Amino acid sequence: MRYDLVIFDNDGVLVDSEPISNRHLAAYLTELGHPTSYEDSIRDYMGSAMHRIHDLVLERTGRRLPEDFDDVFHARVFAAFERELQPVAGVAGVLEKLAADGVPYCVASSGSHERIRVGHRATGLDRWFADEQLFSSQDVGRGKPAPDLFLYAAERMGVEPGRCGVVEDSPLGVQAAVAAGMDVYGFTAMTPAAKLAGANQLFSDMGELADLLV
């Protein structure tokens with residue numbers, strides 16, 4: 001294996017949560033008087049930490065989202081996760097291969113720690129991740145596209161940034177990984193390849209990843 005650490009984004013890479021999350025985000029923003037389509041949400045917010053959603057809405061409209069926005073949104077999304085969420089097809093095989101080969105791996109997600117855990121429990125992926133392998137934008141001052149989260153994860157896992165491979169599916173995540181000085185593999189299942197052009201390698205089938213990382 002060419003890397004001493006493989007860092008996974010969570011939403012859209014490990015769990016197939018982006019359609020669920022962006023459907024509910026678009027509906028809630030529209031409900032609050034900020035008309036947003038599903039396509040708008042994917043384009044503007046996919047891969048974002050919650051603070052970026054607040055910042056963009058304020059910047060565009062001059063209006064702040066309600067103080068309880070995050071709590072209401074997460075309650076709706078987590079309930080949907082329990083009903084609908086599935087692991088990304090093929091990702092269990094990738095994790096099994098990394099574990100069998102003794103290659104360290106972790107998560108670095110824009111989502112909260114609670115969101116990561118809820119998604120992993122709902123899909124059974126929690127068996128592959130201990131708490132010390134989970135890193136969230138909550139842990140750092142700035143979320144993606146800043147490199148802070150990836151650099152923090154590498155530091156906590158005891159690996160130099162240049163020895164890390166990152167698996168991402170959003171333009172913000174690819175930008176963050178590149179800024180951190182890490183190789184990045186862009187997963188194009190939901191994102192057009194052109195939007196992940198900064199990645200070292202693009203792939204559309206999670207089953208291909210293990211061979212790409214060698």
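In this chain, numbering begins with 1 at the start of the sequence shown. Please read all numbers here as calculations on a predicted model, not as lab measurements.
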Evaluate the criterion side chain to side chain contact (heavy atoms under 4.5 Å, CB included) for residue pair Leu213 and Val103; output intermediate values, then yes/no. CA-CA 11 Å; Leu213 292 171; Val103 179; over 6 Å; no

Could you measure the distance from the NE2 atom of His120 to the CH2 atom of Trp128? Nearest 0.5 Å is fine. 13.0 Å

Measure the CG-OG1 distance between Leu32 and Thr36 for me, rounded to the nearest 0.5 Å. 9.5 Å

Just to verify, what does Thr191 make a side-chain hydrogen bond (donor to acceptor under 3.5 Å, both in side chains) with, not counting sequence neighbours? none

For a quick test of reading the model, state the closest non-hydrogen atom pair linking [X] to [Y] and the distance between them.
{"X": "Val107", "Y": "Ile116", "result": "CG1-CD1, 4.3 Å"}
{"X": "Asp16", "Y": "Val88", "result": "N-CG2, 3.8 Å"}
{"X": "Pro104", "Y": "Met157", "result": "CB-CE, 4.5 Å"}
{"X": "Ala49", "Y": "Ser137", "result": "CB-OG, 3.7 Å"}
{"X": "Ser112", "Y": "Ser136", "result": "CA-OG, 3.5 Å"}

Ring centroid separation [X] to [Y] under 6.0 Å:
{"X": "Tyr105", "Y": "Phe129", "value": "yes"}
{"X": "Phe203", "Y": "Phe187", "value": "yes"}
{"X": "His54", "Y": "Phe69", "value": "yes"}

Who are the salt bridge (charged side-chain N to carboxylate O under 4.0 Å, His left out) partners of [X], not counting sequence neighbours?
{"X": "Arg43", "value": "Asp40"}
{"X": "Asp101", "value": "Lys97"}
{"X": "Arg52", "value": "none"}

Exceeds 12 heavy-atom contacts within 6.0 angstrom, atom CZ of Arg64: no

Looking at [X] and [Y], does any basic side-chain N land under 4.0 Å from a carboxylate oxygen?
{"X": "Lys144", "Y": "Asp9", "answer": "yes"}
{"X": "Arg156", "Y": "Asp139", "answer": "no"}
{"X": "Arg23", "Y": "Glu18", "answer": "no"}

Write out all pairs satisfying salt bridge (charged side-chain N to carboxylate O under 4.0 Å, His left out) with one or both partners inside residues 120-133, taking only residues at least two apart or from two chains. Arg117-Asp131

Filter on salt bridge (charged side-chain N to carboxylate O under 4.0 Å, His left out), then keep only pairs touching residues 191-206, sequence neighbours left out; what's left? none

Set out, in order, the CA-CA distance, both residues' side-chain angles and the distance that settles side chain to side chain contact (heavy atoms under 4.5 Å, CB included) for Met206 and Val94, then state yes or no. CA-CA 8 Å; Met206 190 58 70; Val94 175; 4.2 Å; yes

Test of understanding: clusters of I, L, V, M, F, W, Y form through side-chain heavy atoms closer than 4.5 Å, transitively. Do Val178 and Val159 belong to the same one? yes

Asp211 side chain to Glu208 backbone, donor-acceptor under 3.5 Å: no

Hey, what's the ring geometry for His74 with Phe78, parallel, tilted or perpendicular (30° and 60° as the breaks)? parallel

